[in-house]
Amino acid sequence: MPELPEVETIKRGLERKLIGQKLKNIEIFDSNYLLKNKVKNLNIIVGEKLSSIKRKGKYIIFFFEKNLLLFHLGLTGYFLFIEKNELDKGKKHIILIFEFEKEPFGYFDIRTFAKIKKVKVEEFSTLKELKKLGKDALEINLDEFKSIFWQRNRGVKNLLMDQKVISGLGNIYVNELLFRAKINPFKKSRDLREEEIERLFFQMKSLLGEAIDLKGSSIKNYIDTEGKKGEFQKTFLVYGKKGFSCPRCGNDLKYQKIAQRGTTYCPNCQSI
DNA sequence: TTCAGCCTGTCG
DNA sequence: CGACAGGCTGAA
């Protein structure tokens with residue numbers, strides 16, 4: 001799925017073209033999808049202007065005048081500026097098209113793990129999806145970051161992947177982050193020295209910053225709102241490098257499931 | 001804290 | 001054909 005850098009890229013792409021525009025129509029192609037998401041009367045948003053778009057963790061929120069739409073793109077959800085008549089060329093998995101005054105864009109979801117929700121703007125602060133999120137990885141400060149590790153004692157990878165603890169990081173960026181910071185993914189959070197936590201913190205910030213600059217990572221499906229792939233995957237040091245050797249020390253990288261997710265790390269550079 | 005399950009697609 | 005894939009939920 002899109003993780004923080006991809007969601008941020010998508011958010012910026014939408015923002016650039018849509019803020020202030022009025023939604024003229026919603027063309028629904030998969031009403032069953034909306035049914036499964038318990039979204040009713042989506043069309044009441046038609047006629048409203050889009051006032052802002054926000055991101056928290058991996059969620060994107062569209063603020064209209066009276067209603068808001070909350071999206072989580074799951075593993076394979078994406079937005080693409082596209083016209084209805086362009087849909088034929090192999091564009092499957094279309095859920096709907098938001099027809100704005102100038103820029104219509106489609107919402108697609110290949111594996112249907114993405115989520116959409118519509119509520120009144122005033123219900124924003126009550127959204128349980130957002131309330132349970134930990135601080136956004138771009139916003140968290142060093143002191144808050146330290147307390148994350150000291151307040152519980154869990155495996156570091158597990159902890160960083162937990163959106164309730166810190167939001168925005170996913171499997172790609174945690175793999176890369178742990179390698180960059182030379183931290184073993186199994187290491188218990190309370191066993192981290194303060195200096196190691198600081199290393200993680202600053203590496204996390206620069207990793208996310210670089211990834212956003214390169215418009216995210218495209219492994220298979222991810223494309224931005226213009227249909228372009230990201231570039232950050234070209235810089236991967238360990239993610240997806242199963243069977244390769246460590247770019248730092250040359251030892252064999254190790255691959256195993258940690259926290260139910262494929263994990264590649266260097267047992268030498270990232271020793272306990 | 002684990003783990004199947006939700007889906008579709010691709011790769012070996 | 002099985003294994004695996006940017007995520008998350010809820011049940012055991």
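Here the structure is a predicted model, which means the values were calculated and not measured. Chain identifiers are assigned alphabetically (A, B, ...) following the order of the sequence lines, protein sequences preceding nucleic acid strands; residue numbering begins at 1 within each chain.
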Self-check item: Residue whose closest nucleotide on DNA chain B lies nearer the 5' end, A:Asn158 versus A:Thr112
Solution: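 Mapping each residue to its closest nucleotide by heavy atoms, the 5'-most match is A:Asn158.
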
Just call it for [X]: base, sugar-phosphate, or nothing, with non-hydrogen atoms closer than 4.0 Å on any strand.
{"X": "A:Lys257", "answer": "sugar-phosphate"}
{"X": "A:Lys132", "answer": "sugar-phosphate"}
{"X": "A:Arg154", "answer": "sugar-phosphate"}
{"X": "A:Tyr255", "answer": "sugar-phosphate"}
{"X": "A:Ile110", "answer": "sugar-phosphate"}
{"X": "A:Asp109", "answer": "nothing"}

From [atom1] of [X] over to [atom2] of [N], roughly how many Å is that when rounded to an integer?
{"X": "A:Lys117", "N": "C:dC8", "atom1": "NZ", "atom2": "C1'", "result": "15 Å"}
{"X": "A:Phe108", "N": "B:dT8", "atom1": "CZ", "atom2": "C1'", "result": "16 Å"}
{"X": "A:Leu70", "N": "C:dC8", "atom1": "CG", "atom2": "C1'", "result": "14 Å"}
{"X": "A:Met161", "N": "B:dT2", "atom1": "CE", "atom2": "C1'", "result": "14 Å"}
{"X": "A:Asn221", "N": "B:dT8", "atom1": "CG", "atom2": "P", "result": "13 Å"}
{"X": "A:Asn171", "N": "C:dG7", "atom1": "CG", "atom2": "P", "result": "6 Å"}
{"X": "A:Ile60", "N": "C:dG7", "atom1": "CD1", "atom2": "P", "result": "15 Å"}
{"X": "A:Lys58", "N": "C:dG7", "atom1": "NZ", "atom2": "P", "result": "4 Å"}

[X] side-chain N/O to [N] phosphate OP1/OP2 under 4.0 Å:
{"X": "A:Gln260", "N": "B:dT2", "answer": "no"}
{"X": "A:Lys115", "N": "B:dC6", "answer": "no"}
{"X": "A:Lys220", "N": "B:dC11", "answer": "no"}

Quiz item: Do A:Arg111 and C:dA5 have a side chain to base donor-acceptor pair shorter than 3.5 Å?
Solution: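 Looking at the base of C:dA5, it does pair with a donor or acceptor on the side chain of A:Arg111 (distance under 3.5 Å).
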
Quiz item: Can A:Phe113 be said to stack with the base of B:dC6, given centres closer than 5.5 angstrom and planes under 30 degrees apart?
Solution: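 Yes, A:Phe113 stacks on the base of B:dC6, since the ring centres sit under 5.5 Å apart and the planes are within 30°.
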
Quiz item: Between the side chain of A:Ser52 and the main-chain N/O of A:Phe63, is any donor-acceptor distance below 3.5 Å?
Solution: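 Not at all, since once roles are kept as given, no pair shorter than 3.5 Å links the two residues.
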
Self-check item: Atom C1', compared across C:dC1 and B:dC6: separation rounded to whole Å
Solution: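 It works out to 22 Å between them.
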
Quiz item: If the C1' atom of B:dT1 is compared with that of C:dA5, how far apart are they to the nearest Å?
Solution: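 Pairwise C1' distance, B:dT1 against C:dA5, rounds to 23 Å.
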
Quiz prompt | Mutual orientation of the aromatic rings belonging to A:Phe236 and A:Tyr239 [parallel < 30°, tilted 30-60°, perpendicular > 60°] | solution =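 Aromatic pair A:Phe236/A:Tyr239 classed perpendicular.
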
Practice problem: Would you please say whether a donor-acceptor pair under 3.5 Å links the side chains of A:Tyr59 and A:Ser167? | Solution: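 Per modelled atom types, A:Tyr59 and A:Ser167 side chains form no pair under 3.5 Å.
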
Quiz prompt | More than 12 heavy atoms from other groups under 6.0 Å of NZ on A:Lys254 | solution =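 Open: at most 12 neighbouring heavy atoms sit under 6.0 Å from NZ of A:Lys254.
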
Quiz item: If you draw a 6.0 Å radius around NZ in A:Lys17, do more than 12 non-hydrogen atoms from other residues or ligands fall strictly inside?
Solution: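 Yes, NZ of A:Lys17 has more than 12 neighbouring heavy atoms, counting only those of other groups under 6.0 Å.
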
Quiz item: In the structure shown, which nucleotide is the Watson-Crick or G-U wobble counterpart of B:dC7, with both distances under 3.5 Å?
Solution: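 In the structure as shown, B:dC7 has no Watson-Crick or wobble partner.
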
Self-check item: Partners passing salt bridge (Lys or Arg N to Asp or Glu O under 4.0 Å) against A:Lys242 (at least two apart in sequence or in another chain)
Solution: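 Salt bridge (Lys or Arg N to Asp or Glu O under 4.0 Å) check on A:Lys242 returns nothing, list empty.
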
Quiz item: For the side chain of A:His93, counting heavy atoms from C-beta on, which of C:dT9, C:dA5, B:dG9 is nearest?
Solution: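 Nearest to the side chain of A:His93 among the choices is B:dG9.
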
